[in-house]
Number of protein chains: 2
Amino acid sequence: MDEVPLETRELRYFVAVAEELHFGRAAERLGMAQPPLSRAIQRLERRLGVRLLARDRRGVALTDAGRTLLHEGRAALEATLAAGRRARRAGAEGGAGERLVLAVKAGAFHELLRKLLAAHAAEPGSAEVEVVPSGVCEQEEMLRDGRADVALLHVPPRSLAGFDSERLSTEGQVAVLPAGHPLAARASLSMAEVGAVPDLPLARWPGRDGFPPGPGPEIHDQTQLAQLIALGRAAAVFPESATSWLWSAHAAVPLVDAPEVAGHLAWPAHSRSRALAALVRTATRL
Amino acid sequence: MDEVPLETRELRYFVAVAEELHFGRAAERLGMAQPPLSRAIQRLERRLGVRLLARDRRGVALTDAGRTLLHEGRAALEATLAAGRRARRAGAEGGAGERLVLAVKAGAFHELLRKLLAAHAAEPGSAEVEVVPSGVCEQEEMLRDGRADVALLHVPPRSLAGFDSERLSTEGQVAVLPAGHPLAARASLSMAEVGAVPDLPLARWPGRDGFPPGPGPEIHDQTQLAQLIALGRAAAVFPESATSWLWSAHAAVPLVDAPEVAGHLAWPAHSRSRALAALVRTATRL
DNA sequence: CCCGCTGATACCGGCCGGGTATCACGACGC
DNA sequence: GCGTCGTGATACCCGGCCGGTATCAGCGGG
């Protein structure tokens, strides 16, 4: 009966409450007072005819419908953000040709990226490419919400569901250790050896919904990780090409049995940009 | 500076105007008067700081930014619709287990579908599956806007960009002709032979943005097509399994050089449903 | 037992979305 | 050339919603 889609504001409000599981904090995050937020969620529940939150007097929990709306609503919000961002960019360029935003994990792919940009610039009529460094595992979100048009990433960290991609190169992985550690002197290591050292737990990166379980420290960026490793408090496993940020206090040891990882160029599956197609074509010829 | 996403209403209005290229008709389609619509679009352009429409005194045209916003906005609206629909469905089931909506092109895959549903129902604890017939080439839109959770489709008609999929079976294609036509008596045909008969142009299906160019008649559903073929006014090429709707006035002749088409089970790439995963697992074991 | 914390309710004011009436301008007709 | 038509834009008004403050209602803990 209700054929009109949910309003963006309703989704934003619900996602905030569903993430915080607390009306007060969610309202603060949204920059508003708590009562209007409560009313908005009630109205949303009435509109959908469904209970989204189980108010339990000492907290808020998600119902099945709420979990569904959280997932789908996040995707919808990202798509909406992307629509605005990309339209704005398309208009701001004022006929000077499309401009592509390429997201690259900071510090990775130096060599591959240089070759790709050089080859692309050499193409006649190629679009300008703006390279933006991305946080860790943030590239896919940047593609989804329109902050980037195309990303250069290693494929295994997260699946490429929802994106088109082109494989560019394959490489091995290395263990990054403190330079003074006994294992750092080895010519090569196995995954089992690295995982079995209790004083060097493998650092954990945040996933979409918090950190994976494990003993290692929780880190958010390369600098934090670099410091922890230099201090002898952690180890990490990285693709070979992602090691250009290493300090002299670090050592990189090849891993003989780590899965190969591949550099991929990825972009939103529905993209129809000429400039993007040209960049991908250039990349496949490298 | 503007970090809030566009409102769903703004996107709906803009998409309507961009599709009609006429404020009055768009307003009528939206069930509102024209002046508020004009104002809303102006406000949207101000908010984005970008010109979306080139008003030209006797018509409206899309700028580059407008084209971008039309594409991205459609995707965002579909995602928003999907969020509401799926949340509503998830809640309406009231703990009776998930329910999957499977979209199937009407008349296709009879045998495969029977086997799949039987095998799935035989699994202990399997979710209920609701089969909804879909219009022609409509399945992907149904997945995107939440009317369906999973679809059974032939892969070549449109690319599966943005979806995960599992190949189920491969089959050849047949030419569907009027029973009395000379070619209908042949044991097999080639694509070239079918394409070269001037009195039997191949019917054209609507794509996302209108009909592909060509001489054939434009048809919207199987019944129209069946009638045109029975009248000797058109021919069509179909996968073998899609021919259960044929009349006695039709003849199906195998095509020796048509590309093989595969039946695929497809679902939104970001889906995380247990019930869906179980259905896919069952399907792969067929 | 009372205080603190949670979310819900009551009430109010301002803004914005939508409607009607009208305008400005170019295209056509005679 | 002038009237008419059709386009989108503007003017003005109203009602509803959106958000804010003040307050209430349960439940836990010291």
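Helical stems involving DNA chain D, defined as 3 or more consecutive Watson-Crick or G-U pairs under 3.5 Å, span C:1-30 with D:1-30.
For B:E28, the CD atom sits in a loose shell: 12 or fewer heavy atoms of surrounding residues, nucleotides or ligands are nearer than 6.0 Å.
Comparing C:dA8, C:dG18, D:dG8 against the side chain of B:Y13 picks out C:dG18 as the nearest. Comparing atom distances between the B:R43 side chain and each of C:dA8, C:dG17, D:dG19 picks out C:dG17 as nearest. Nearest to the side-chain atoms of B:P35 among the listed nucleotides D:dC12, C:dT20, D:dG20 stands C:dT20. Picking from C:dA8, C:dG19, D:dC18 the nucleotide with the shortest atom distance to the side chain of A:R9 gives D:dC18. Distances from the side chain of B:R55 to the nucleotides D:dG19, C:dG19, D:dA9 place D:dA9 closest. Among the nucleotides C:dG19, C:dG7, D:dG20, the one closest to the side chain of B:A33 is C:dG19.
For A:R39 against D:dG19, a side-chain N or O and a base N or O form a donor-acceptor pair under 3.5 Å. The base of C:dA8 sits with one of its N or O atoms less than 3.5 Å from a complementary donor or acceptor on the side chain of A:Q34.
The CZ atom of B:F23 sits 16 Å away from the C1' atom of C:dA24 (whole-angstrom rounding). Remark: P of C:dG18 and CD1 of B:I41 are 11 Å apart, rounded to the nearest angstrom. Between A:E28 atom CD and D:dG20 atom C1' the separation is 16 Å, expressed in whole Å. For the pair A:R12 CZ and D:dG19 C1', the interatomic distance rounds to 13 Å; values are reported in whole Å. If you measure from atom CD of A:E7 to atom P of D:dG16, you get 18 Å, rounded to the nearest angstrom. Rounded to whole angstrom, the span from the CG atom of A:L37 across to the C1' atom of D:dG20 amounts to 13 Å. Taking atom CE on B:M32 and atom C1' on D:dC14, their separation rounds to 16 Å, with Å as the unit. Rounding to whole angstrom units, CG of residue B:L53 and P of D:dT7 are separated by 16 Å.
Listed pair A:Q42 / C:dT9 meets the phosphate criterion, a side-chain N or O lying under 4.0 Å from OP1 or OP2. A close approach under 4.0 Å does not occur between any side-chain nitrogen or oxygen of B:H22 and OP1 or OP2 of D:dG6. At D:dA9, one or more side-chain N or O atoms of B:S38 fall inside 4.0 Å of OP1 or OP2 (strictly under the cut-off).
Of the options B:R144, B:H270, B:Q139, a side-chain contact (heavy atoms from CB on, under 4.5 Å) to B:F163 is made by B:R144 and by none of the others.
Note on B:R25: nothing from the nucleic acid sits closer than 4.0 angstrom, heavy atoms only.
With B:R147 contributing its side chain and B:V101 its backbone, the two residues share no donor-acceptor pair below 3.5 Å. Remark: the backbone N or O of A:E7 is paired with a side-chain donor or acceptor of A:E10 at under 3.5 angstrom.
Checking B:Q34 against B:S38 by side-chain atom types alone, a donor-acceptor pair falls below 3.5 Å. Between A:T8 and A:T80, the side chains place no donor N or O within less than 3.5 Å of an acceptor N or O (distance only, hydrogens not considered).
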For this session: Check step by step if side chain to side chain donor-acceptor pair (under 3.5 Å) holds for A:T68 and A:E72.
Result: CA-CA 6 Å; A:T68 299; A:E72 302 275 333; over 6 Å; no
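The pair B:E45-B:R55 counts as a salt bridge, with a side-chain nitrogen and a carboxylate oxygen less than 4.0 angstrom apart.
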